[in-house]
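Treat the numbers as computed from the prediction; the structure is a model and nothing was measured.
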Amino acid sequence: MSYSYEITPRPVELGGGWRLRLLETEEEMGGGVFPVDDSDADAGMRWWNECSEQERAHWLTMAASARPADAYHAFMLAEAYADAESTAYEWLDSRGSE
């Protein structure tokens, strides 16, 4: 058996973020969605205030914007991707024992 995964962007109107497909010999065996919820402005402000100047510069660059809200969205998008990838790795690891 061949096991793999695919992570693709989700449309903004569906919540944005990522869609994970877990594949066994190219047939989808499961997966999930990893939306980005950056609607909590207070959480975004706390995140921004806790960032170092270097972290702020990094996330503003990632967002291609000068707005902290856009930097927070870029951060949340990266976190959602990392969650999807972690889920995929857990699934792949569990396949190795079969």
Quiz item: Quick one: do Leu23 and Phe34 end up in the same hydrophobic cluster if we chain Ile, Leu, Val, Met, Phe, Trp and Tyr together by side-chain heavy atoms under 4.5 Å apart?
Solution: no

Do any side-chain atoms of residues 7-15 form donor-acceptor pairs under 3.5 angstrom with protein atoms, and if so which ones, sequence neighbours left out?
residue, atom, partner, partner atom, Å
Arg10, NH1, Leu14, O, 3.1
Arg10, NH1, Gly16, O, 3.2
Arg10, NH2, Leu14, O, 2.6

Practice problem: Could you tell me which residues satisfy side-chain contact (heavy atoms from CB on, under 4.5 Å) with Ser2, sequence neighbours excluded, listed by chain and number? | Solution: Thr25

All N/O donor-acceptor pairs, side-chain side in residues 76-86, below 3.5 Å, sequence neighbours left out:
residue, atom, partner, partner atom, Å
Glu85, OE2, Tyr5, OH, 3.3
Glu85, OE2, Tyr89, OH, 3.4

Exercise. Could you give me the CA-CA distance, side-chain angles and deciding distance for Trp91 and Leu20, then say whether side chain to side chain contact (heavy atoms under 4.5 Å, CB included) is met?
Key: CA-CA 11 Å; Trp91 183 76; Leu20 169 65; over 6 Å; no

Self-check item: Where at least one partner belongs to residues 50-61, residue pairs that pass salt bridge (Lys or Arg N to Asp or Glu O under 4.0 Å), sequence neighbours excluded
Solution: Glu53-Arg56

Quiz item: Excluding sequence neighbours, so at least two apart, what forms salt bridge (charged side-chain N to carboxylate O under 4.0 Å, His left out) with Arg21?
Solution: Glu6, Glu28

Quiz item: Taking all atoms of both residues into account, what is the closest heavy-atom pair of Trp48 and Ala71, and its distance?
Solution: CZ3-CB, 3.9 Å

Self-check item: Any residue meeting side-chain contact (heavy atoms from CB on, under 4.5 Å) with Thr61, in chain and number order, not counting sequence neighbours
Solution: none

Self-check item: Spacing of OG belonging to Ser4 relative to CZ belonging to Arg95, to within rounding of 0.5 Å
Solution: 12.5 Å

Quiz item: Any side-chain hydrogen bond (donor to acceptor under 3.5 Å, both in side chains) pairs touching residues 66-75, not counting sequence neighbours?
Solution: Asp38-His73, Ser65-Asp70, Arg67-Asp70

N/O donor-acceptor pairs under 3.5 Å from side chains in residues 39-46, not counting sequence neighbours:
residue, atom, partner, partner atom, Å
Ser39, OG, Asp37, OD1, 2.6
Asp40, OD1, Asp42, N, 3.1
Asp40, OD1, Ala43, N, 3.1

